[in-house]
There are 2 protein chains.
Amino acid sequence: MAKQPTTSELEILNILWEKECATVREVFEIISETKSITYTTVLKLMQIMTEKDLVEREEQGKAHLYRAKIAQTETQKGLVSELLEKVFRGSAMQLVQHLLETKKTSPQEMKEIRKMIQKAEKEAKNE
Amino acid sequence: MAKQPTTSELEILNILWEKECATVREVFEIISETKSITYTTVLKLMQIMTEKDLVEREEQGKAHLYRAKIAQTETQKGLVSELLEKVFRGSAMQLVQHLLETKKTSPQEMKEIRKMIQKAEKEAKNE
DNA sequence: TGACATCTACGAAGCAGTTCGTATATCATC
DNA sequence: GATGATATACGAACTGCTTCGTAGATGTCA
C-alpha cells in the first residue's frame, strides 16, 4: 500500500481535490484563513509533495498550477483501513459504534447510513 | 482535546488495555512476535509514556508493572473524530461508506452494524 | 559473596515533518 | 531598461518519534 499523506499534505490535498487545480497563492489564501502560516511554507510543502508524486504541476507563466495526482477515494480508503487496523484491530462495528457516539450524528445522516448499509447487504446477497 | 498517542504508543496501549497490566518484558515479547525490535526500545517508549502520563507504573521488586492511564474508549473516540474531521470534513456517512467498501465486511458484521444504527435511531427518537 | 541474568536509566543518533528566511528569477508597467 | 511586486528555489533550524548502545542497579543462586 502507498504511504499515506501527512496531516499538512492532506490539508493541501483537500483543497486541490475540491478546486480541481490551484496555485500556491490560492492554497495559501485558503489555509491562512484558519491558521497562521507563511507563503513559503505552503510553497515548500507543495514542492515536497511534487517530489513525492502526490501532486503534479504545470508551469504556466510565472506561477505554477498544481493538481492532485493521487485519488481522493483511494486515499480516504487507505486512511480508514489504517485506523481500522491500528485502533480497532479490524472490527468495523466498533468503529461505527464510536462514530455514532462521538459525533452528534443527525437523524437525517443516520437514516442515510442505515439505507446505505441495507443496500450493501442486498448487494452482498446477490453475489 | 488531549493529544493522541503515536502509532508505537498505541501498539503498547493495546496490549495494556487487553492484559490490564504488564511488565516491559511481557510487552516486548508480544510486540517482537510480529516486529523486529529491541527490549530497550520498548522500555524507552514506556518510560516516555510514563512522563506523558499515558501509563502509570508500580514498582514491585525489580521489574516495574505498567498500566494504561488513559481509557481505551476515549482514545478510540478521539482518533475517530480526528479522522472524521481531517479526512471527511465531518461527514460520518462518507466514512462508513468507505469502511464498507474497504474491508470485506462480513454479512454478519453488516447485520450487526445495521442493528446498532437502528437502535441508535430509536434512542434518538425517544429523547 | 561472587558471578550471572535481568532490570532501569540515560544519552545520542537518525529520520521525517514542519517552518521560515534569504536568494534569485520573472513579469508588468512606467 | 529600471523598479517593484510576486514567483520559485533552497538551505537550515527545530521538533517529535523511534531506535539502540552502554552504564549502572538489583535480584538470584551456587
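Residue numbering restarts at 1 for every chain, and letters A, B, ... go by the order of the sequence lines. Side chains included, hydrogens not; waters and symmetry mates left out as well; all remaining heavy atoms used.
The nearest whole Å value for the distance from the NE2 atom in A:His64 to the C1' atom in C:dA25 is 10 Å. What separates CZ of B:Arg25 from C1' of D:dG27 is a distance of 14 Å, to the nearest Å. The distance from atom CD of B:Gln4 to atom C1' of D:dG16 is 16 Å, rounded to the nearest whole Å. Distance CE (A:Met46) to P (D:dA7): 12 Å, rounded to an integer number of Å. What separates CG of A:Leu45 from C1' of D:dC10 is a distance of 14 Å, to the nearest Å. Atoms NZ (B:Lys3) and C1' (D:dG16) sit 7 Å apart, rounded to a whole Å. Rounding to whole angstrom units, CG of residue A:Leu43 and C1' of C:dT18 are separated by 14 Å. Taking atom CD on B:Glu59 and atom C1' on D:dT26, their separation rounds to 12 Å, with Å as the unit.
The side chain of B:Arg57 places an N or O atom within less than 4.0 Å of a non-bridging phosphate oxygen (OP1 or OP2) of C:dA9. For D:dG21, neither phosphate oxygen OP1 nor OP2 lies less than 4.0 angstrom from any side-chain nitrogen or oxygen of B:Thr40. Distances shown here put a side-chain N or O of B:Gln47 below 4.0 Å from the OP1 or OP2 atom of C:dA9. Residue A:Tyr39 places at least one side-chain N or O closer than 4.0 Å to OP1 or OP2 of D:dT8.
Mapping B:Tyr66 and A:Lys52 onto DNA chain C by nearest heavy atom places B:Tyr66 at the nucleotide closer to the 5' end.
For A:Lys62 against D:dT6, a side-chain N or O and a base N or O form a donor-acceptor pair under 3.5 Å.
B:Ser91 places no side-chain N or O within donor-acceptor distance of the main-chain N or O of B:Phe88, the cut-off being under 3.5 Å. No donor-acceptor pair under 3.5 Å is formed between the side chain of A:Thr41 and the backbone N or O of A:Ile37. Formation of a donor-acceptor pair under 3.5 Å by the B:Thr23 side chain with backbone atoms of B:Glu26 is found in this model.
Among D:dC17, C:dT19, D:dC20, the nucleotide with an atom closest to any side-chain atom of A:Ile37 is C:dT19.
Here B:Ser8 lies in heavy-atom contact (under 4.0 Å) with sugar-phosphate atoms only. Note on B:Thr6: only backbone sugar-phosphate atoms sit closer than 4.0 angstrom, heavy atoms only; bases stay farther off.
Under the 30°/60° scheme for interplanar angles, the aromatic rings of A:Phe28 and A:Tyr39 are found to stand perpendicular.
For the residue pair A:Gln47 / A:Glu51, no side-chain donor-acceptor distance below 3.5 Å is found, with atom types taken as modelled.
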